[in-house]
Amino acid sequence: MSSSQFPVLSSQRDRKRTFLRWIKFNAVGGIGIGVQLAALAVFRSWLKLDYLLATGLAVEIAVIHNFLWHERYTWADRPATRPVQSLVRLAKFNASNGAVSIVGNLVLMRLLVGELKFNYVASNLCAIVLCSLVNFLLGDRFVFDAEAKPAAISN
């Protein structure tokens with residue numbers, strides 16, 4: 001029997017692979033949230049930076065942190081073939097995930113903190129959660145080349 005006679009199996013494998021990658025993405029993102037919130041606290045509370053500047057800097061630190069982990073863990077089955085490919089991926093990740101995270105965080109922080117006077121940490125957590133799904137799709141389909149032949153996801 002040909003593989004085309006088992007589209008459900010292939011689809012189930014793809015769904016399982018995507019689900020496992022989503023779990024890894026969120027694990028890295030969870031650590032990234034800690035990195036972002038710690039940076040935000042340092043910039044805002046200790047250095048007394050404006051909440052928007054502090055947010056932008058904290059997001060950029062988390063974006064770089066997350067890229068390094070995603071390349072080595074979340075999308076480890078799609079390794080860079082040359083060192084320059086990692087640099088291109090970093091640029092793509094920063095331009096896509098970074099842009100969504102920074103713009104999304106700044107817009108939501110401006111609304112939630114600036115206009116509605118919510119707590120800046122709670123507002124930042126809300127912004128992170130709302131941006132995560134878009135960032136996963138961008139990472140999977142744009143940054144880490146979804147068209148590449150994926151091997152089994154390493155544990």
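Each residue takes its place number in the sequence, starting with 1.
Both Val113 and Leu52 belong to a single network of hydrophobic side chains, linked directly or stepwise wherever heavy atoms of I, L, V, M, F, W or Y lie under 4.5 Å apart. By the rule that hydrophobic residues join a cluster once side-chain heavy atoms approach within less than 4.5 Å of another member, Val59 and Leu125 end up as members of one cluster. When hydrophobic clusters are built by joining Ile, Leu, Val, Met, Phe, Trp and Tyr residues whose side-chain heavy atoms come closer than 4.5 Å, directly or via intermediates, Leu40 is not grouped with Leu112. Put simply, Leu90 and Trp75 are part of the same group of oily side chains (I, L, V, M, F, W, Y) that touch within less than 4.5 Å, one to the next. A continuous path of Ile, Leu, Val, Met, Phe, Trp and Tyr side chains, each step under 4.5 Å between heavy atoms, connects Val42 with Ile61, placing both in one hydrophobic cluster.
Side-chain polar atoms of Tyr120 and Ser45 form a donor-acceptor pair below 3.5 angstrom. No hydrogens or angles considered: nothing links the side chains of Asp140 and Trp22 as a donor-acceptor pair under 3.5 Å.
With rounding to the nearest 0.5 Å, the separation of CG in Asp14 from CD in Gln12 is 10.0 Å. Taken to the nearest 0.5 Å, the CZ atom of Arg44 stands 12.0 Å off from the CG atom of Asn124. With rounding to the nearest 0.5 angstrom, the CZ atom of Phe43 is 14.5 Å from the NZ atom of Lys48. Rounding to the nearest 0.5 Å places CZ of Arg89 at 5.5 Å from CD of Glu71. A distance of 9.5 Å separates OG1 in Thr18 from CG in Leu137, rounded to the nearest 0.5 Å. Summarising the geometry, atom SG belonging to Cys131 is positioned 6.5 Å from atom CG belonging to Leu108; distances are rounded to the nearest 0.5 Å.
Between Phe93 and Val63, some side-chain heavy-atom pair lies under the 4.5 Å cut-off. Counting heavy atoms from C-beta on, the side chains of Tyr73 and Val28 come closer than 4.5 Å. At a threshold of 4.5 Å between non-hydrogen side-chain atoms, the residues Glu60 and Leu57 do not count as touching. Side-chain contact between Asn97 and Asn66: absent, with no pair of heavy atoms (C-beta onward) separated by less than 4.5 Å. Phe118 is not listed as a side-chain neighbour of Met109, based on a closest heavy-atom distance of 4.5 Å or more.
At distances below 3.5 Å, at least one donor-acceptor pair connects side-chain atoms of Arg78 with backbone N or O atoms of Phe144. Checking side-chain atoms of Gln36 against main-chain N and O of Gly32 turns up no donor-acceptor pair under 3.5 Å. In terms of modelled atom types and a separation under 3.5 Å, the side chain of Asn26 and the main chain of Gly29 share no donor-acceptor contact. Side-chain N or O atoms of Arg72 include one that pairs as donor or acceptor with a backbone N or O of Leu68 at under 3.5 Å.
The nearest pair of heavy atoms linking Val121 to Asn119 is N-OD1, 2.8 Å. Considering all non-hydrogen atoms of both residues, Lys117 and Gly114 come closest at NZ-O, 2.7 Å.
Ion pairing of Arg21 with Asp77 is present here, as a side-chain N (NZ or NE/NH1/NH2) and a carboxylate O approach within less than 4.0 Å.
Applying the side chain to side chain donor-acceptor pair (under 3.5 Å) test to Ser101 and every residue at least two apart in sequence or in another chain returns Asn135.
Between Phe136 and Phe25, the ring center distance clears the sub-6.0 Å criterion.
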